[in-house]
Each structure stands twice: as structure tokens, then as C-alpha cells.
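Encoded as C-alpha cells, the structure appears first; notes follow it.
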Amino acid sequence: MWFFYTLIPCLLIDGVAILPAPQNLSVQSTNMKHVLTWSPVMVPGEIIYYFVEYQGEYESLYMSHVWIPSSWCSPTKGPECDITDDITATVPYNLRVRATQGSETSAWSTLKPPFNRNSTILTPPGMDVTKDGFHLVIKLEDLGSQFEFLVAYWRREPGAKEHVKVVRSRGIPVHLETMEPGAAYCVKVQTFVKAIGRHSPFSQAECVKVQGETLPLALALFGFVGFMLILVVVPLSIWKMGRLLRHSCCPVVVLPDTLKITNSPQKLISCRREEVEACATAMLSSEEPFRTWI
């Protein structure tokens with residue numbers, strides 16, 4: 001009879017149909033995210049709903065063992081429940097789940113042993129190590145407000161001192177150190193949760209290197225080219241602007257060709273003096289016969 005009843009989807013007790021209780025309860029907890037899982041109750045052609053309840057130390061000792069429905073899973077269709085928001089203290093929590101289908105309800109299945117969040121598995125956060133010019137910069141994964149990160153960084157060379165910095169900002173780039181040209185720097189990080197007093201292991205180290213004199217040489221070259229351009233362009237612009245202003249304020253008047261003097265003034269004076277002397281000589285010559293006749 002026991003074997004027969006385990007094969008049918010539901011049992012009849014006192015004429016009331018009762019569903020099988022969920023089995024294999026367990027909690028998967030990583031980085032303070034807690035998920036209660038169980039084996040689904042299988043009833044062909046039917047949708048099964050589940051109700052999850054919890055009981056902490058306070059409810060057990062001071063509230064007469066009252067059970068509180070989970071904030072996210074009363075009810076739920078899937079065979080799992082995120083109980084992270086329900087677990088608010090580092091104490092043992094009793095957890096239980098039951099199945100329902102219409103008017104049929106299963107018995108409660110209780111997690112054994114109770115769950116304590118200090119058993120969560122802590123892992124290092126994802127990180128992105130970059131360089132911004134000569135600045136060593138790290139960006140860390142946002143794991144939540146309960147997390148702090150211990151960032152260790154050092155210059156990659158024999159006997160280098162390791163520096164440790166506590167980072168609380170989440171998802172925001174953080175400057176660690178100003179790097180020297182040609183040197184390589186390495187970074188590793190671990191998670192710390194003060195609420196449970198535990199650290200994660202350190203992550204694998206990631207290293208970045210700053211190029212030697214390439215950047216300063218390029219900057220010097222660009223600076224020299226810019227200086228030469230300024231040295232040439234600025235005087236040329238001033239000269240050109242001066243010409244434009246002079247032409248605007250004092251325009252040059254162009255004389256017609258008929259008014260232009262092709263010879264020098266001195267030469268013109270000499271020519272006129274010769275003409276006057278020749279004219280005077282001619283006049284004297286014409287007066288001589290007249291005087292003789294008189």
C-alpha cells in the first residue's frame with residue numbers, strides 16, 4: 001500500500017485530497033543572494049502553486065513561533081524562491097514550503113538544518129583595470145550596499161610594496177595611483193561583508209603597463225609643430241591685416257597715364273633750361289639784321 005500511494009499524484013485522507021509535499025529543500029547562497037529551491041510537485045495537466053514561509057530567531061523566541069509568508073513567494077509558480085529580502089539578520093532561519101492546487105494543499109516541508117546567511121559563498125567582484133594617461137583606474141562590479149572591497153595594487157618589480165585601498169563606491173571608476181612611465185602595475189581585489197565578518201578570496205591579479213617615453217615624445221613633437229605654426233602664421237596674419245587696414249584707411253590713388261611723369265624732375269628742369277637758352281639765342285639772331293638795317 002505504501003508503494004502504491006507513492007506512485008499516485010495525490011493521496012486521499014478522510015476523503016480530502018492532499019498533494020505530495022515538496023521535497024529536497026536547499027538554499028543556494030552566493031554573495032548574500034539567497035535562493036530556496038525544491039523539487040517540483042508533478043500533477044499532469046495541473047498548475048501547482050507554492051507558498052514559502054520563514055521563521056527567524058525573533059519570531060521563534062518572542063512571537064510564539066509564528067511563521068511569516070515570504071515577501072516574494074506567497075504564492076509562486078516556480079520551484080524556487082528568492083528569500084534575500086526575508087533574511088535580515090545573521091541568525092538561523094527556519095524555512096518551509098508547501099504546494100497547492102485549487103482546494104488541495106500539501107503538508108509543509110521544512111528545510112533541515114536551518115539556514116544562516118553567514119554560510120553564503122563569497123566571491124571576488126568582477127573588475128576592470130584600465131589606465132587613463134598615467135592614472136591607474138579600477139571599476140568594480142556592484143554587488144550591493146553591504147559590500148566593501150579591499151583593493152591591493154603594486155608596481156610589478158622585485159621587492160615592490162603592496163598597497164591596499166578600501167573601496168565602497170560601486171560601479172564607479174576609482175583612481176588608485178599615478179603610474180611612472182615604462183612601469184607595469186598589478187591589481188587584485190577581494191570582497192568584505194561587515195554584516196557577517198567574512199572576506200572572499202582575492203581575485204587573479206590583472207596588470208597594465210604604461211608606455212615609456214612614447215607619450216611625452218609625441219606631446220613634445222606636437223608642441224614643437226604647434227609652436228612653429230604659431231611662429232609663422234601669427235606674423236603673416238599681422239602683416240596681412242596691416243596691409244588691409246592701410247589700404248582701407250589710406251587708399252593709393254592711381255594717376256592717368258597722361259599725368260604721369262616719365263622722366264625725373266631734374267632731367268625735366270635741365271631740358272627746359274636748354275629750351276629757354278635755345279629760344280633766347282634764336283631771338284637774338286633774328287634781331288641782328290634789324291639793327292643793321294636801322
Side-chain angles (χ1 to χ4, degrees), residues 19 21-41 47-101 105-128 138-151 166-172 174 188-204:
L19 295 174
Q23 302 297 317
N24 303 319
L25 275 66
S26 64
V27 175
Q28 309 297 324
S29 180
T30 303
N31 290 333
M32 301 297 284
K33 300 293 184 183
H34 322 302
V35 179
L36 174 67
T37 63
W38 57 87
S39 298
V41 174
I47 298 177
I48 304 299
Y49 290 90
Y50 303 94
F51 287 80
V52 176
E53 295 182 348
Y54 66 92
Q55 183 186 83
E57 186 178 72
Y58 181 80
E59 291 80 15
S60 178
L61 297 178
Y62 304 104
M63 297 182 66
S64 302
H65 299 277
V66 67
W67 288 87
I68 301 176
S70 173
S71 55
W72 297 104
C73 308
S74 290
T76 182
K77 288 184 180 180
E80 65 179 24
C81 175
D82 187 344
I83 57 173
T84 302
D85 293 340
D86 302 320
I87 309 300
T88 58
T90 309
V91 297
Y93 277 80
N94 293 314
L95 299 165
R96 68 181 187 180
V97 59
R98 72 178 179 182
T100 64
Q101 192 278 313
T105 303
S106 76
W108 289 101
S109 290
T110 304
L111 177 71
K112 298 293 184 180
F115 171 72
N116 194 318
R117 69 181 184 179
N118 62 10
S119 64
T120 189
I121 299 172
L122 296 180
T123 63
M127 67 174 178
D128 184 20
I138 185 173
K139 184 178 180 181
L140 299 173
E141 177 186 5
D142 185 1
L143 295 179
S145 59
Q146 301 184 75
F147 288 80
E148 295 180 355
F149 306 104
L150 302 181
V151 180
V166 178
V167 176
R168 295 181 176 86
S169 59
R170 304 178 302 278
I172 301 175
V174 176
K188 62 182 180 180
V189 62
Q190 70 175 175
T191 297
F192 174 67
V193 181
K194 188 176 181 180
I196 61 176
R198 289 181 50 212
H199 295 82
S200 74
F202 269 106
S203 65
Q204 293 291 328

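Atom OH of Tyr93 sits about 11.5 Å away from atom OG of Ser60, to the nearest 0.5 Å. Here CG of Asp128 is found 8.5 Å from CD1 of Ile138. Values are rounded to the nearest 0.5 Å. Of the inter-residue distances, the one linking Arg168 atom CZ with Phe192 atom CZ reads 9.5 Å to the nearest 0.5 angstrom. Between the CG atom in Leu36 and the OG1 atom in Thr76 there is a gap of 10.5 Å [rounded to 0.5 Å]. With rounding to the nearest 0.5 angstrom, the CH2 atom of Trp72 is 10.5 Å from the SG atom of Cys81. Between Thr123 atom OG1 and Glu141 atom CD the span is 7.0 Å, to the nearest 0.5 Å.
When atom types are taken as modelled, the side chain of Thr191 and the backbone of Phe149 share no donor-acceptor pair closer than 3.5 angstrom. No donor-acceptor pair under 3.5 Å is formed between the side chain of Thr30 and the backbone N or O of Ile121. Remark: the backbone N or O of Glu80 is not paired with any side-chain donor or acceptor of Thr37 at under 3.5 angstrom. Looking at Gln28, its side chain never comes within 3.5 Å of a backbone N or O of Ser26 through a donor-acceptor pair. Judged by distance alone, the side chain of Thr120 and the main-chain N or O of Met32 form a donor-acceptor pair under 3.5 Å.
Shown here for Pro124 and Pro201, the closest heavy-atom pair between the two residues is CG-O, 3.1 Å. Annotation for Leu150 and Phe202: closest pair O-CE2, 3.8 Å, computed over non-hydrogen atoms.
Atom OH of Tyr58 sits in a sparse spot, with 12 or fewer heavy atoms from other residues, nucleotides or ligands closer than 6.0 Å. Summarising the local packing, CD of Glu57 is surrounded by 12 or fewer heavy atoms from other residues, nucleotides or ligands at distances under 6.0 Å.
Side-chain atoms of Ser106 and Arg98 form no donor-acceptor pair, as typed in the model, at a separation below 3.5 Å. In the model, Asp86 has a side-chain atom that pairs as donor or acceptor with a side-chain atom of Ser70 under 3.5 Å.
Asn94 meets the side-chain hydrogen bond (donor to acceptor under 3.5 Å, both in side chains) test with Gln55; sequence neighbours excluded.
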